[in-house]
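Structure, as structure tokens:
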Amino acid sequence: MDRRDFLKALPAAAAAVATPAIREAKAQAPTRNETLLLVQEYGPNSLDMQGLGSSQPVNGVALNCYDRLVSFKRQRVDDITTSFDINALEPELAESWQEASDGMSVTFKLRADARFHSGRSVTARDVKWSLDRAVSIGGFATTQMNAGSLEKPEQFVAVDDKTFRIDFLRRDKLTMPNLAVTIPFVFDSELAIRNSGGDPWAKEYLKNNIAGGGAFKVEAWRPGTETIYVRNDDWKSGPLPRLRRVIARDIPSPSTRRALLERGDADISYGLPPKDFADLAAGSRIRVSAVPVPNAIWYVALNSANPPFNNVKLRQAVAWALPYEQIMQASLFGRGVPMYGGPSTPARLTWPVPFPYSANIARARALMAEAGIGPFTTSLLFDAGSGTIAEPMAVLVKEALAPLGITVELNKIPGANFRGELNKKTAPMAINRFGGWLDWPDYFFFWNYHGNNSIFNIPSYQNPAMDRLIDAARFTQDPAVYAQNVRGFLELGMHDVPFIPIAQPFHDVAMQRTIGGYQFWPCREPDFRYLTKG
């Protein structure tokens with residue numbers, strides 16, 4: 001749908017939702033102030049975030065249409081945004097929980113009045129089936145569960161209808177926070193099994209149908225066009241949302257999405273180019289929420305498993321050659337936190353933290369000489385789907401490395417194929433953005449730097465000393481030991497530079513001034529439960 005067709009459709013849509021000022025809330029259609037129009041680049045390719053190949057927006061389906069046992073406590077950022085406290089949990093589907101005295105299990109009491117969209121009461125058997133599925137289905141869902149030492153169906157116990165227990169494999173500080181991200185959501189297992197067609201995890205059915213009990217239901221899903229959500233008026237796991245209807249419309253053109261916002265024809269959008277957000281934030285008509293994405297960086301990865309970038313001196317030379325300030329302005333338009341020009345040791349024991357490199361071509365040339373590597377040609381992979389950021393970044397990297405005798409051929413990969421190309425781990429250089437949902441440095445380093453060579457370790461970096469530091473930090477109960485090991489792996493990452501951090505990105509969301517209650521979560525998808533309009 002182009003912009004003109006979209007605008008033609010708006011009067012009819014508005015007429016469909018307009019209602020008298022005095023009405024019965026459940027008897028009549030939602031008013032304008034109860035209906036939100038979200039415009040986004042693309043929508044969900046599935047309704048099941050645990051399913052293989054689910055796209056980023058499917059997180060929004062899980063967030064709004066399903067419940068989890070617990071949620072992160074919300075905290076105010078500014079007059080536009082609330083974010084979350086990763087160290088504080090509050091009830092969602094579970095009304096209370098208690099850890100065992102030995103620290104090796106936790107028992108949850110489920111809300112007595114919680115019901116699925118089908119009307120069936122939520123039971124501990126549903127929770128067990130759902131978490132069994134998450135740790136068994138494979139792909140990202142299982143990887144994410146494993147990050148919190150949630151690995152085996154035997155860990156999950158339905159004690160009785162309203163009591164559920166998780167037995168811990170080990171003491172892991174990530175276990176409880178990992179229950180609050182979007183992946184461990186709770187299905188109506190009876191509905192799923194009844195429609196499974198013999199598949200133990202009902203993958204095909206749940207890809208195309210919601211079997212949840214969350215604050216919203218999917219009224220219509222038209223892939224590539226729109227997803228329409230309606231409020232579940234019987235939701236019990238939190239305050240009933242003010243919005244009764246959300247239309248999430250897929251509009252690939254960022255210029256069209258921006259125009260719709262500026263004309264007042266759309267309420268909220270995200271995923272615009274950084275320049276658009278910079279322009280909108282400088283104006284007065286549109287409000288922009290800007291949250292530095294926790295645990296996230298834009299980076300240049302150097303393949304440390306294969307020549308020539310298996311030479312640490314060469315990697316350091318590249319890190320000293322990059323034009324960081326130019327990249328921040330020409331590529332990100334200042335929409336991020338610089339991760340360069342820091343001290344030689346970590347300024348703080350968090351992630352991300354600025355690395356000590358900055359543009360210094362003389363130092364880069366000296367390290368090239370120490371590396372003993374003459375002129376060579378290589379290639380740099382980047383995502384066409386993030387082209388407004390990645391392409392100018394790639395061009396600047398290419399120009400900066402030419403004085404070192406490094407000829408860089410740019411390899412722009414279509415967005416649909418980019419993740420697959422990265423996971424081959426054959427590209428000498430790559431530009432990428434990664435963000436971890438659990439905001440601890442050892443979490444990021446485990447997935448990106450550890451020798452288990454996960455799918456996120458794009459450079460295939462291997463260093464047993466790094467592995468020991470990461471493992472010691474992950475599982476220690478001693479704060480001093482934790483700090484010592486975090487400092488150790490941060491310093492080693494700075495020295496070995498398989499990843500060259502550029503910036504911690506902002507998550508920018510533009511909205512009309514009538515929109516309130518924007519909530520930022522690790523999954524970076526809009527939470528309709530708290531949004532208000534008018």
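Computed from a prediction, not measured in an experiment: that's the story for all the values here. Position 1 is the first residue of the sequence; numbering continues from there.
- Taking the six-membered ring wherever Trp is involved, the centroid distance between the rings of Phe277 and Phe506 does not fall below 6.0 Å.
- Side-chain contact annotation: Lys152 with Ser136, donor-acceptor N/O pair under 3.5 Å absent.
- The minimum heavy-atom distance linking Pro184 with Met145 is given by the pair CB-SD, 3.9 Å.
- Counting only distance, with no hydrogens or angles, the side chain of Asn432 and the backbone of Phe382 share no donor-acceptor pair below 3.5 Å.
- Side chain of Ser253 to main chain of Thr256: a donor-acceptor pair is present (N/O by atom type, distance under 3.5 Å, no hydrogens or angles).
- Distance alone, capped at 3.5 Å, is enough to place a donor-acceptor pair between the Thr175 side chain and the Gly148 backbone.
- A distance of 4.5 Å separates CG in Leu381 from CD1 in Ile413, rounded to the nearest 0.5 Å.
- The pair Asp161-Arg125 meets the salt-bridge criterion, since a charged nitrogen lies less than 4.0 angstrom from a carboxylate oxygen.
- Checked by atom type and distance alone, the side chain of Trp221 pairs as donor or acceptor with a backbone atom of Pro44 at under 3.5 Å.
- Looking only at side-chain heavy atoms (C-beta outward), Cys65 and Val218 come within less than 4.5 Å of each other.
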Report task. Could you check Thr82 against Gln519 for side chain to side chain donor-acceptor pair (under 3.5 Å), going step by step and ending with a plain yes or no? Result -> CA-CA 5 Å; Thr82 53; Gln519 171 66 43; 2.5 Å; yes

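- With Thr182 as the partner, the side-chain contact (heavy atoms from CB on, under 4.5 Å) test is satisfied by one option alone out of Tyr66, Trp521, Trp437: Trp437.
- A donor-acceptor contact closer than 3.5 angstrom is absent between the side chains of Lys73 and Asn87.
- Between the Glu99 side chain and the Val106 main chain, no donor and acceptor come within less than 3.5 Å of each other.
- Asp126 and Arg120 are joined by a salt bridge, as a carboxylate oxygen and a charged side-chain nitrogen come within less than 4.0 angstrom of each other.
- The aromatic rings of Tyr449 and Phe499 are tilted relative to each other, their planes meeting at an angle between 30° and 60°.
- Taking 4.5 Å as the limit, every side-chain heavy atom of Asp383 sits out of range of all side-chain heavy atoms of Ile389.
- Side-chain polar atoms of Ser454 and Asn457 form no donor-acceptor pair below 3.5 angstrom.
- Leu63 approaches Glu525 most closely through the heavy-atom pair CD2-O, 3.7 Å.
- If you run side-chain hydrogen bond (donor to acceptor under 3.5 Å, both in side chains) between Ser237 and each of Asp113, Asp67, Asn232, only Asp67 comes through.
- Contact record, Gly214 with Trp235: C-CD1, 3.4 Å, taken as the closest heavy-atom pair.
- Aromatic ring centres of Phe444 and Phe434: separated by under 6.0 Å.
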Report task. Verify side-chain contact (heavy atoms from CB on, under 4.5 Å) between Trp351 and Asn295, making sure each step is shown before the conclusion. Result -> CA-CA 6 Å; Trp351 184 260; Asn295 221 240; 3.9 Å; yes

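- Between Phe445 and Tyr443, a ring centre-to-centre spacing not shorter than 6.0 Å is recorded.
- Of all non-hydrogen atoms in Ile80 and Val288, the two that sit nearest each other are CD1-O, 3.5 Å.
- For Asp267 against Thr35, the heavy-atom pair with the smallest separation is OD2-O, 3.8 Å.
- Relative to the six-membered ring of Tyr530, Arg74 meets both conditions, a distance below 6.0 Å and an angle of at most 45° to the axis.
- At distances below 3.5 Å, at least one donor-acceptor pair connects side-chain atoms of Arg257 with backbone N or O atoms of Gly271.
- Checked by atom type, the side-chain pair Gln50/Arg133 shows a donor-acceptor distance below 3.5 Å.
- You'll find the side chain of Arg111 stays beyond 4.5 Å of the side chain of Glu92, heavy atoms only.
- Ser196 and Asp199 form no side-chain donor-acceptor contact under 3.5 Å, judged by distance and modelled atom types alone.
- Rounding to the nearest 0.5 angstrom, the gap separating the CG atom in Asn411 from the CD atom in Glu421 is 7.5 Å.
- Under a cut-off of 6.0 angstrom, the local environment of NZ in Lys203 is crowded, with over 12 non-hydrogen atoms contributed by other residues, nucleotides or ligands.
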**Report entry** From CA spacing to verdict: salt bridge (Lys or Arg N to Asp or Glu O under 4.0 Å), Glu34, Arg245
**Finding:** CA-CA 6 Å; Glu34 295 172 315; Arg245 184 179 177 88; over 6 Å; no

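- Aromatic ring centres of Phe528 and Tyr229: separated by under 6.0 Å.
- Using a 4.5 Å heavy-atom threshold, the side chains of Leu531 and Arg242 count as separate.
- Closest non-hydrogen pair, Trp129 versus Pro200, comes out as CZ2-O, 3.5 Å.
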Query raised in the report: After noting the C-alpha distance and the side-chain angles of Leu47 and Asn208, does the key distance pass the side-chain contact (heavy atoms from CB on, under 4.5 Å) rule?
Result: CA-CA 6 Å; Leu47 298 179; Asn208 297 287; 5.5 Å; no

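- With rounding to the nearest 0.5 Å, the separation of CZ in Phe72 from CG in Asp439 is 9.5 Å.
- A side-chain donor-acceptor contact under 3.5 Å links Lys109 and Thr163.
- Rounding to the nearest 0.5 Å places OG of Ser289 at 6.0 Å from CG of Asp78.
- To the nearest 0.5 Å, atom CG of residue Asp48 and atom CD1 of residue Ile210 are 8.5 Å apart.
- Here the CZ atom belonging to Arg165 is positioned 12.0 Å from the CZ atom belonging to Phe156, to the nearest 0.5 angstrom.
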Requested in this report: Check the pair Asn45, Ser55 against side chain to side chain donor-acceptor pair (under 3.5 Å), reporting the backbone distance first and the verdict last.
Outcome: CA-CA 6 Å; Asn45 63 351; Ser55 61; 3.2 Å; yes

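- Judged by distance alone, the side chain of Asn209 and the main-chain N or O of Tyr205 form a donor-acceptor pair under 3.5 Å.
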**Report entry** Verdict with supporting geometry, Asn146 and Thr143, side chain to side chain donor-acceptor pair (under 3.5 Å)
**Finding:** CA-CA 5 Å; Asn146 290 351; Thr143 298; 5.8 Å; no

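- With contacts defined as side-chain heavy-atom distances shorter than 4.5 Å, the pair Ile455/Trp447 does not qualify.
- The neighbour count for Gln98 CD, taken as heavy atoms of other residues, nucleotides or ligands under 6.0 Å away, does not exceed 12.
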Report task. Apply side chain to side chain donor-acceptor pair (under 3.5 Å) to the pair Gln512 and Arg287, showing each step before the final yes or no. Result -> CA-CA 6 Å; Gln512 301 296 336; Arg287 300 202 301 175; over 6 Å; no

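- A side-chain donor-acceptor contact under 3.5 Å links Arg115 to the backbone of Gly119.
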Requested in this report: Check the pair Arg513 / Ile286 against side-chain contact (heavy atoms from CB on, under 4.5 Å), numbers first and verdict last.
Outcome: CA-CA 6 Å; Arg513 291 196 166 272; Ile286 301 295; over 6 Å; no

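- The existence of a salt bridge linking Glu151 and Arg170 is confirmed by a sub-4.0 Å separation between a basic side-chain nitrogen and an acidic carboxylate oxygen.
- Between the side chain of Lys533 and the backbone N or O of Arg32 there is at least one donor-acceptor pair closer than 3.5 Å.
- A salt bridge is absent between Lys217 and Asp234: the closest approach of a Lys/Arg side-chain nitrogen to an acidic carboxylate oxygen does not fall below 4.0 angstrom.
- In terms of modelled atom types and a separation under 3.5 Å, the side chain of Gln144 and the main chain of Ala141 share no donor-acceptor contact.
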